[in-house]
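In what follows, a structure is listed as C-alpha cells, so that the remarks can point back to it.
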Amino acid sequence: MHLSANEGIEGNTFAVTGALGFAGSALCLELVRRGALQVRAFDLRSASPWSDDLKNHGVKIIQGDVTCKKDVERALRGVDCVFHLAAYGLSGKEMLQVGRIDEVNINGTCHVLDACLEFGVRRLIYMSTYNVVFGGQEIVNGNEGLPYLPIDDHVDAYGRSKSIAEQLVLKTNGRALKNRNDKCLHTCAIRSCAIYGPGEERHFPRLVSLAKLGLLPFRVGEPSAKTDWIYVDNLVLALILASMGLLDDIPGKGRDPVAAGQPYYVSDGYPVNSFEFVKPLLSSLGYDLPNFYLPVPKALLLGKFFAALYTILYPWLDKWWLPHPLMLPAEIYKVGVSNYFSYLKAKKELGYAPIVTPKEGMAATISFWQEKKRKSLDGPTIYVWLFSVVGMSILFCAAFLPDVGPVPFFKAISLFFFRSIQVVRMVFLVAFLLHVGEGIYAWFLARKVDPANSRGWFWQTFALGIFSLRFLLKRARN
C-alpha cells in the first residue's frame with residue numbers, strides 16, 4: 001500500500017477495547033497523534049498506569065465489560081473503526097480460568113461483531129496470537145498458509161479461544177451492515193508474538209520478580225530454540241497499517257480492501273532464544289540467569305504439577321495474595337520450542353516494516369527498569385527470607401514456648417547448636433535487638449537516600465537484619 005501516514009485516521013472516530021493495557025494505550029495515543037477525531041478507550045478497568053496520560057491527550061475512557069453486550073454497544077455506537085484488543089488468560093494463573101477465558105475471548109468478540117454490524121462500523125481489526133496455529137510443535141519461519149491448530153490439540157484455553165474468535169472475525173468479513181446494505185464490515189487479524197517495551201505489564205514484571213527472588217533455577221528447552229518478540233511501537237504500527245488496509249474507498253484499489261478477511265503475522269523480525277533475549281535486561285538489574293537448560297519433557301512435568309496444584313486452588317485464582325505459578329505447560333512450549341514466523345505478507349500487503357530494532361527496544365526497556373528499580377525497595381532472594389524468618393521463629397519457639405506440637409523438635413535443633421536453653425534465649429534476644437536497631441538505622445538512612453520507601457526499608461530490615469541493610473548501604477554509596 002502507498003497511502004498517506006494518516007489515511008483513514010484523520011476525522012474518524014475509533015474505539016479500542018482493552019485500551020487501558022500496555023499495547024492498547026500506546027495505540028490510542030498514536031491514533032490521537034495522527035489526527036483521529038475521537039478515540040474511545042473501552043476497558044474493564046477505570047484506571048491504569050496509562051489512564052492519566054490518555055485523559056490528558058483527550059482520549060475518552062469508557063469503563064465496561066466486553067462480556068456485557070450493552071456495555072459494548074455503548075462504546076461502539078457511532079464509531080468508524082474498532083481495534084479489538086481485549087483478551088483474558090494470556091499468562092500466569094489467568095490461564096487456568098477457562099470459563100472466564102471463553103467468556104471474554106469468544107463471547108466478548110461476538111458482542112463486538114454484533115455491535116459493529118448493528119451500528120454500521122466499517123472496519124474491525126482483531127488482535128490475535130501465534131497460538132492459533134502453535135501448540136507445542138516446532139514452527140520455523142512459518143507463514144499465513146499454515147492451517148489452524150485443531151481445537152482439541154491446543155495446550156491451553158487461551159490459544160483455543162483466540163483461534164475460535166479469530167475465525168469468527170475473519171468469517172464475518174464482508175457481511176452487510178444493518179440498514180446499510182450497500183456497505184459491509186471489513187475485518188482482519190494481526191497475529192502478534194510476545195510484546196515488550198517500557199511499562200509492559202505481563203512478561204517482564206513476572207520475570208524480573210522471579211529473578212529477584214532467586215526463582216529462576218534453570219532455562220527451558222535447547223539453547224537453539226527461538227521465538228519472536230515485538231516492540232510495542234512496531235505492533236502499534238502494524239495495527240494502524242491494518243486499519244488502512246481495510247479502507248474500501250481508495251481510488252483505483254477496487255471494492256475489496258487488500259486486508260479484508262486476512263490474517264497477518266508481525267514481529268521485530270529477529271527470532272531469538274527467549275532467555276538470551278532477556279539476559280541483558282536481567283544483567284542490567286544485577287540478576288543472573290542460570291546456564292543450565294532443562295529439557296522440555298522434564299520441564300513439562302513441573303508445569304503439569306503447577307497446573308494441577310493451581311486447579312485445586314481454582315476458587316482463589318483471582319486473589320491478589322496467590323502468586324503466579326512458576327510455569328505452566330503452554331508457557332514451557334512457548335519458550336522451549338522454536339516457533340517463529342515471517343512478516344513478509346504484512347510487508348507486501350500492508351507495507352509493514354519494524355521501525356524500532358530489538359537493540360533500540362531493549363535499550364529503552366532497560367532504561368525503564370533501571371529507573372523503576374531505583375525507585376523501588378530492593379532486597380535479597382526468597383532463600384534469605386526463609387533462612388532469616390524461619391530461623392528467628394525456631395529460636396523463639398525453642399526459647400519461650402512450652403513443649404507442644406513441633407516445639408520439642410525446634411528445641412532439639414537449637415540445643416544442637418547452642419547446648420542450653422539459656423544460651424538459646426540469649427541468642428534470640430541479642431538477634432532480636434540487633435534487628436530492631438538495624439531497622440531503626442535503616443529507617444533514618446532511607447529518609448536520606450530513599451525517602452519514598454523508608455517505611456518499607458524499616459520493616460524489611462527488621463525482618464532480615466543485615467541481609468536487607470546491605471542493599472540499602474549499597475544504594476547509599478551509589
Side-chain angles (χ1 to χ4, degrees), residues 23 87 90-91 126-149 153-156 158-160 162-163 166 188-197 200 202-204 207 219-239 241-242 262-281 289 293-296 299-300 303 327-350 352-362 365:
L90 173 63
S91 61
Y126 179 67
M127 176 113 142
S128 189
T129 170
Y130 281 15
N131 294 348
V132 299
V133 300
F134 175 71
Q137 77 283 25
E138 185 176 82
I139 300 178
V140 176
N141 207 34
N143 58 43
E144 289 79 0
L146 290 172
Y148 287 103
L149 189 70
D153 291 348
H154 283 279
V155 294
D156 68 326
Y158 178 79
R160 175 183 55 77
K162 292 292 282 186
S163 176
E166 182 190 290
C188 69
I190 293 295
R191 294 175 178 173
S192 174
C193 50
I195 310 166
Y196 71 102
E200 186 271 329
R202 285 190 175 272
H203 305 296
F204 284 5
L207 186 69
R219 309 186 193 192
V220 175
E222 297 296 328
S224 58
K226 296 180 180 180
T227 189
D228 282 323
W229 290 79
I230 187 167
Y231 189 69
V232 62
D233 289 357
N234 295 334
L235 176 61
V236 167
L237 174 64
L239 290 165
L241 290 173
Q262 298 298 314
Y264 296 95
Y265 292 109
V266 293
S267 69
D268 284 349
Y270 289 89
V272 63
N273 181 273
S274 289
F275 294 96
E276 288 300 318
F277 181 71
V278 302
K279 186 176 180 179
L281 169 64
L289 271 175
Y293 279 87
L294 186 68
V296 169
L300 282 173
M327 61 180 66
L328 291 171
E331 296 172 319
I332 293 169
Y333 282 128
K334 197 66 182 174
V335 301
V337 178
S338 288
N339 61 107
Y340 56 91
F341 296 77
S342 168
Y343 65 76
L344 183 60
K345 181 180 176 182
K347 179 179 180 180
K348 181 179 179 181
E349 297 184 4
L350 304 180
Y352 169 76
I355 56 176
V356 179
T357 66
K359 184 177 181 180
E360 294 168 338
M362 183 54 73
T365 306

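These values consider heavy atoms only, across backbone and side chains, with no hydrogens, waters or symmetry-generated copies. Worth saying up front: this structure is predicted, and the values here are computed from it rather than measured.
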Identify the heavy atoms of [X] and [Y] that sit nearest to each other, and give their distance.
X: Ile195; Y: Met127; value: CD1-CE, 3.7 Å
X: Gly221; Y: Val296; value: CA-CG2, 3.8 Å
X: Ile190; Y: Ala238; value: CD1-O, 4.0 Å
X: Met362; Y: Tyr196; value: N-CE1, 3.8 Å
X: Leu146; Y: Val133; value: O-CG1, 4.1 Å
X: Lys162; Y: Ser128; value: CE-CA, 4.1 Å

Any non-hydrogen side-chain atom of [X] less than 4.5 Å from a side-chain atom of [Y]?
X: Gln137; Y: Tyr333; answer: no
X: Val278; Y: Leu289; answer: yes
X: Ser192; Y: Ile230; answer: yes
X: Tyr340; Y: Ile139; answer: no
X: Asn273; Y: Glu222; answer: no
X: Asn143; Y: Lys345; answer: no
X: Leu237; Y: Asp233; answer: no
X: Leu235; Y: Val266; answer: yes

Rounded to the nearest 0.5 Å, what's the gap from [atom1] on [X] to [atom2] on [Y]? Could you check?
X: Tyr265; Y: Ser342; atom1: OH; atom2: OG; answer: 10.5 Å
X: Leu300; Y: Met327; atom1: CG; atom2: CE; answer: 9.5 Å
X: Gln262; Y: Leu350; atom1: CD; atom2: CG; answer: 9.5 Å
X: Arg219; Y: Tyr293; atom1: CZ; atom2: OH; answer: 4.0 Å
X: Asn131; Y: Arg191; atom1: CG; atom2: CZ; answer: 11.0 Å

Donor + acceptor pair across side chains of [X], [Y] (<3.5 Å):
X: Asn339; Y: Tyr130; result: no
X: Tyr264; Y: Glu349; result: yes
X: Glu166; Y: Tyr148; result: yes

If we ignore hydrogens and angles and just use 3.5 Å, is the side chain of [X] paired with the main-chain N or O of [Y] as donor and acceptor?
X: Glu138; Y: Val337; result: no
X: Glu276; Y: Ser274; result: no
X: Glu200; Y: His203; result: yes
X: Asp228; Y: Phe341; result: yes
X: Ser163; Y: Gly159; result: no
X: Asn234; Y: Ile355; result: yes

>> Please determine whether side chain to side chain contact (heavy atoms under 4.5 Å, CB included) holds for the pair Asp156 and Glu331, giving the CA-CA distance in whole Å, both sets of side-chain angles, and the decisive distance to 0.1 Å.
In response: CA-CA 9 Å; Asp156 68 326; Glu331 296 172 319; over 6 Å; no
>> Can you list everything that forms a ring pair (Phe, Tyr, Trp, His ring centres under 6.0 Å) with Tyr343? Sequence neighbours excluded, please.
In response: Tyr352
> Aromatic ring centroids of Trp229 and Phe204 under 6.0 Å?
Replying inline: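 Here the rings of Phe204 and Trp229 have centres that are less than 6.0 Å from each other.
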>> Between Tyr270 and Lys226, does the side chain to side chain donor-acceptor pair (under 3.5 Å) criterion hold? Intermediate values first, please.
In response: CA-CA 9 Å; Tyr270 289 89; Lys226 296 180 180 180; over 6 Å; no
